[in-house]
Amino acid sequence: MKNGPAPYDKQAASYDRAWRRYIARTLGFLKATISFRSSDKILDIACGTGEFERLILREHPDQQVIGIDISENMLNFARGKCSPYPNAAFLKADASALPFPDQTFDLVVSANSLHYFDKPSISLAEMRRVLLPAGSLVILDWCKDYLVCRCFDFCFRRIERGYQSCYTQRELQRLLDAAGFAIQSTRKIKLGSIFWGHIIAVATPKA
Ligand SMILES: C[S@@+](CC[C@H](N)C(=O)[O-])C[C@H]1O[C@@H](n2cnc3c(N)ncnc32)[C@H](O)[C@@H]1O
């Protein structure tokens, strides 16, 4: 982890308000896509303010959910929101160095965040490492196959602190394969905006 404030530290207080509709659409879609059992341990990589956890926990208050993020300020909002739930935990950690033993989680998710990871290959390999052999990974992020995402990618690389890159469907499939995942599905989707496009990928650890 780099020294100094994380890029999202400053935005933490306004994040939920500023991105309310975007968060509701994307995380609502993610929640509707995943399936899990009450005994499953879920890890959310780059959990931000814990909105995904809140969505899960208000329907499944005893679910074991851990969120990690590099921004302590974002995590503090997540901790506040999820304080009523005994099995929710939030840790400061980098996606490229997960502080968990091998084969810990049944489900690993990451939403709206892969484009910030400076070591995407290592981060995905870490997700593979902490997943149980029968576990699943679900990644939801911007998709560079859409023109508007390509334009934002071009600009954000130059102006947005912390931004790294978004990926085409093909690039994400290659990254997942190289990290040791068998791809179950990848799908490009529009979540509300006519132009903006996401990709959702579901993968399992290769045997
Ligand atoms: C756009 S926010 C998404 C937050 C949440 N997943 C959501 O959908 O609302 C991106 C998050 O990624 C986190 N982040 C960026 N790089 C990271 C890294 N290398 N490891 C862990 N978290 C990271 C940021 O701190 C920020 O909270």
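Here, residue 1 is the first one in the sequence, and each next residue gets the next number. Counting starts at 1 for both ligands and their atoms, following the listed order. Heavy atoms only: backbone and side chains are in, while hydrogens, waters and symmetry mates are out.
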### Message
Checking Y15 against Y8 for the side-chain contact (heavy atoms from CB on, under 4.5 Å) test, could you report, in this order, the C-alpha distance in whole Å, the side-chain angles of both residues, the deciding distance, and whether it holds?
### Response
CA-CA 9 Å; Y15 181 81; Y8 267 82; 3.7 Å; yes
### Summary
Numbered in order shown, the ligand 1 atoms found under 4.0 Å of a heavy atom of G48 are 4 (C), 27 (O)
### Task
Drop me the distance from S96's OG to M127's CE, to the nearest 0.5 angstrom.
9.5 Å
### Query
Could K41 and F105 be counted as a cation-pi pair, given that NZ or CZ must be under 6.0 Å from the ring centre and within 45° of the axis?
yes
### Task
Please step through side-chain contact (heavy atoms from CB on, under 4.5 Å) for the pair F36 and H60, ending with a clear verdict.
CA-CA 11 Å; F36 54 88; H60 309 273; 3.7 Å; yes
### Task
Return yes when atom NZ of K10 has more than 12 non-hydrogen atoms of other residues, nucleotides or ligands closer than 6.0 Å, and no otherwise.
no
### Query
What residue and heavy atom of the protein are closest to atom 16 (N) of ligand 1, and at what distance?
I70 CD1, 3.4 Å
### Query
Among D16, T26, N112, L140, which residue places a heavy atom closest to atom 8 (O) of ligand 1?
N112
### Query
Out of F77, Y15, Y163, Y116, whose heavy atom is nearest to atom 9 (O) of ligand 1?
Y15
#### Entry: Atom pair OG1/NE2 of T26 and H198 - distance to nearest 0.5 Å
5.5 Å
### Task
Report yes or no: does A6 have a heavy atom closer than 4.0 Å to ligand 1?
no
#### Entry: E171 and R174 ion-paired at < 4.0 Å
no
### Task
Have a look at ligand 1 and work out which part of S123, if any, has a heavy atom under 4.0 Å from it: side chain, backbone, both or neither.
neither
### Task
Among all protein heavy atoms, pick out the one at the shortest distance from atom 25 (O) of ligand 1; state its residue, atom name and that distance to 0.1 Å.
D69 OD1, 2.5 Å
### Message
Whether D106 and R37 form a salt bridge (side-chain N of Lys/Arg under 4.0 Å from carboxylate O of Asp/Glu) is what I want to check.
### Response
yes
### Query
If you count the non-hydrogen atoms of other residues, nucleotides and ligands that lie under 6.0 Å from OH in Y163, is the total more than 12?
yes
### Proximal ligand 1 atoms for S113, defined as those under 4.0 Å from one of its heavy atoms
3 (C), 6 (N), 10 (C), 11 (C), 12 (O)
## Note on the structure
Heavy-atom proximity to atom 6 (N) of ligand 1, picking from A95, A97, A46, points to A46
### Message
Polar contacts were defined as any N/O atom of the residue lying under 3.5 Å from an N/O atom of the ligand; does this apply to D94 and ligand 1?
### Response
yes
### Task
Using a 4.0 Å heavy-atom cut-off, say whether S96 meets ligand 1 through its side chain, its backbone, both or neither.
neither
### Task
Say whether Q173 and Y167, considering side chains only, have a donor N or O and an acceptor N or O under 3.5 Å apart.
no
### Message
Quick check on contacts: which atoms of ligand 1 are under 4.0 angstrom from a heavy atom of M74?
### Response
27 (O)
### N or O pair under 3.5 Å between F117 and ligand 1
no
### Summary
The closest protein heavy-atom partner of atom 1 (C) of ligand 1 is Y8 OH, 3.2 Å
### Task
Could you tell me whether ligand 1 has any atom less than 4.0 Å away from a heavy atom of S110?
no
### Query
Is R158 positioned over the aromatic face of F154, cation under 6.0 angstrom from the ring centre and no more than 45 degrees off axis?
yes
### Message
Once you restrict to heavy atoms under 4.0 Å, what part of L27 touches ligand 1? Side chain, backbone, both or neither.
### Response
side chain
### Message
I23 versus ligand 1: do any nitrogen or oxygen atoms come within less than 3.5 Å of each other?
### Response
no
### Task
Using distance alone, decide if ligand 1 has a nitrogen or oxygen within less than 3.5 Å of any nitrogen or oxygen in A111.
yes
